[in-house]
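Before any comments, here is the structure.
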Amino acid sequence: MEQMKNLAYYNGTITLINDMMIPANDRGFYFGDGIYEAAMVFDHKIFALEDHLDRMCSSAAMVRIELPAPREEIGALLSELVLKVESSCQFLYWQITRGVSPRNHLFPEGVASSLYVYSKPWKGVEMSDEYRLKSIKDTRFFHCNIKTLNLLPNVMAAEEAKEAGCHEAVFVRDGYVTEGSHSNVSMIKDGIFVTHPLDNLILPGTERKHMIAYCKELGIPVEERAFTLEELMEADEIIMSSTSHPSMRAMELDGRAVGMKAPDLVRKLRDKYMEAIR
Ligand code: PLP
């Protein structure tokens with residue numbers, strides 16, 4: 001099989017990413033009317049594919065988008081597409097929108113949803129011990145559990161954090177920490193792993209889920225509860241997690257030194273992740 005440097009797929013057409021053309025009438029363009037997923041590919045295999053397909057199905061159902069094909073077929077297509085890319089380690093992204101139709105707020109009738117996929121070479125897993133965070137007011141809507149394309153507040157927060165010399169934003173709503181602009185926030189305090197409960201205020205992160213599972217295997221107690229910014233400041237460790245950045249350990253929050261006090265627990269969790277991807 002002839003392999004490509006990178007790949008884009010849109011409703012049956014395959015090109016290089018930079019050559020892909022998407023109709024302007026795709027509802028993702030006007031309304032962000034769609035949902036997405038991102039996954040890591042190691043050794044040409046999609047890591048935690050079932051978790052991503054689970055969340056794809058629940059996001060699509062919550063915004064009443066019908067999948068363009070059954071879940072298993074989408075999984076099989078994605079697994080096939082990553083084989084076409086030269087690099088064995090890839091970052092895979094896909095989105096499903098409510099299809100192509102002239103702009104109108106109402107759902108179009110009789111229009112199939114669109115599937116866009118890209119996969120590109122990735123440098124491998126990144127883990128940092130030097131993450132800097134900035135707290136930012138969480139002004140997002142109340143459907144943060146849906147992985148929708150509507151990421152403008154997340155984009156604004158990520159940029160604000162960057163302009164303050166930080167790597168990631170920490171959203172705070174009504175005094176409680178919710179999540180990052182593109183990651184979940186968890187902390188370790190007195191040997192307990194604490195993370196926001198699954199509700200409409202955070203995205204159910206796959207790495208959050210995996211870390212909870214690793215804690216259970218390691219006998220580390222887990223509390224899924226909301227915590228304040230002040231508690232986070234006093235945490236023994238702060239871990240930001242996402243698919244492409246599974247274990248980013250924060251050393252600074254709003255200019256103050258934080259965390260870095262339970263290195264052994266962080267190492268154990270990272271070892272579990274490395275075991276899982278192996
Ligand atoms: N929260 C938000 C807002 C995100 O955008 C992401 C990932 O992009 C996450 C959490 C982490 O999710 P996952 O671990 O599945 O990558």
Side-chain angles (χ1 to χ4, degrees), residues 32 34-42 46-60 62-63 78 90-96 118-120 122 124-128 131 133-162 166-173 176-187 193 195-215 222 224 226 232 238-250 269-270 272-273 276-277:
I35 57 105
Y36 75 104
E37 279 297 326
M40 291 303 301
V41 177
F42 301 111
I46 304 168
F47 179 59
L49 175 61
E50 292 308 315
D51 289 331
H52 290 285
L53 293 175
D54 282 347
R55 190 171 58 189
M56 170 192 81
C57 290
S58 71
S59 294
M62 284 186 279
V63 295
L78 295 168
Q90 301 164 36
F91 177 84
L92 169 70
Y93 173 98
W94 69 100
Q95 67 179 39
I96 295 172
Y118 76 74
S119 199
K120 63 180 183 185
W122 196 248
V125 183
E126 250 187 87
M127 296 195 189
S128 168
Y131 235 36
L133 306 175
K134 178 175 176 18
S135 65
I136 289 177
K137 190 172 176 190
D138 192 345
T139 57
R140 298 175 302 162
F141 67 173
F142 289 100
H143 306 280
C144 300
N145 50 329
I146 310 172
K147 202 163 169 65
T148 86
L149 300 177
N150 296 273
L151 293 175
L152 192 52
N154 306 57
V155 166
M156 300 300 290
E159 180 62 24
E160 193 181 327
K162 188 195 120 191
C166 294
H167 301 97
E168 175 58 309
V170 170
F171 279 130
V172 181
R173 200 193 282 266
Y176 289 95
V177 171
T178 51
E179 61 181 338
S181 73
H182 51 285
S183 57
N184 287 112
V185 186
S186 303
M187 65 176 190
F193 182 88
T195 195
H196 197 285
L198 290 184
D199 58 17
N200 61 331
L201 302 183
I202 67 159
L203 187 78
T206 53
E207 285 313 318
R208 174 192 176 281
K209 176 181 166 179
H210 297 161
M211 273 200 291
I212 290 174
Y214 304 153
C215 284
V222 173
E224 291 181 65
L232 192 63
I238 301 176
I239 304 170
M240 311 297 288
S241 66
S242 71
T243 292
S244 57
H245 296 77
S247 180
M248 310 310 265
R249 196 174 171 219
L269 290 171
R270 287 179 176 178
K272 279 280 179 195
Y273 176 86
I277 65 170

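Each ligand, and each atom within it, is numbered from 1 in the order the structure gives. If you're wondering where the values come from, they're calculated on a predicted model, not measured in any experiment.
Side chains of V41 and I46 form a contact here, defined as non-hydrogen atoms less than 4.5 Å apart. N145 is not listed as a side-chain neighbour of L198, based on a closest heavy-atom distance of 4.5 Å or more. Contact of the N184 side chain with the H196 side chain is not registered, since no non-hydrogen atoms from C-beta on lie closer than 4.5 Å. In this structure, R208 and I202 have side chains that are in contact, with non-hydrogen atoms separated by less than 4.5 Å. Here the side chains of H143 and V63 are not in contact, with every heavy-atom distance at 4.5 Å or above.
Taking the six-membered ring where tryptophan is involved, the planes of Y131 and H167 are essentially parallel, since the angle between them stays under 30° and well short of 60°.
For atom 14 (O) of ligand 1, the closest non-hydrogen atom on the protein side is E207 N, 3.0 Å. For atom 11 (C) of ligand 1, the closest heavy atom belonging to the protein is N184 OD1, 3.5 Å. Looking only at protein heavy atoms, the nearest one to atom 5 (O) of ligand 1 is H182 CA, 3.4 Å.
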Take Y273 and Y214, measure what ring pair (Phe, Tyr, Trp, His ring centres under 6.0 Å) needs, and give me the verdict at the end.
CA-CA 8 Å; Y273 176 86; Y214 304 153; 7.0 Å; no

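Between atom 10 (C) of ligand 1 and the options A158, S183, A39, the minimum heavy-atom separation is to S183.
The atoms of ligand 1 that sit less than 4.0 Å from any heavy atom of N154 are 3 (C). The ligand atoms of ligand 1 that sit less than 4.0 angstrom from a heavy atom of S241 are 11 (C). Every atom of ligand 1 with a heavy atom of G205 under 4.0 Å away is listed here by number and element: 12 (O), 13 (P), 14 (O), 15 (O). Applying the 4.0 Å criterion to heavy atoms of E179 picks out, from ligand 1, the atoms 1 (N), 2 (C), 3 (C), 10 (C). Interface of K147 with ligand 1, defined as ligand atoms under 4.0 Å from a residue heavy atom, comprises 7 (C), 8 (O). Those atoms of ligand 1 with a heavy atom of R55 less than 4.0 angstrom away are 12 (O), 13 (P), 15 (O).
Ring to ring, H210 and F47 are close: their centroids are under 6.0 angstrom apart.
In terms of modelled atom types and a separation under 3.5 Å, the side chain of R55 and the main chain of P204 share a donor-acceptor contact.
For the ligand labelled ligand 1, residue S181 lies inside the 4.0 Å heavy-atom shell.
For the pair R208 and ligand 1, the shortest N or O to N or O distance does not fall below 3.5 Å. At least one N or O atom of T243, backbone or side chain, sits closer than 3.5 Å to an N or O atom of ligand 1.
The pair E160-K137 does not count as a salt bridge, with every side-chain nitrogen at least 4.0 angstrom from each carboxylate oxygen.
With a 4.0 Å cut-off on non-hydrogen atoms, S244 does not touch ligand 1 at all. Residue-level proximity to ligand 1 for I202 is absent, since no heavy atom of it falls below 4.0 angstrom. Heavy atoms of P246 found under 4.0 angstrom from ligand 1: none, in either backbone or side chain.
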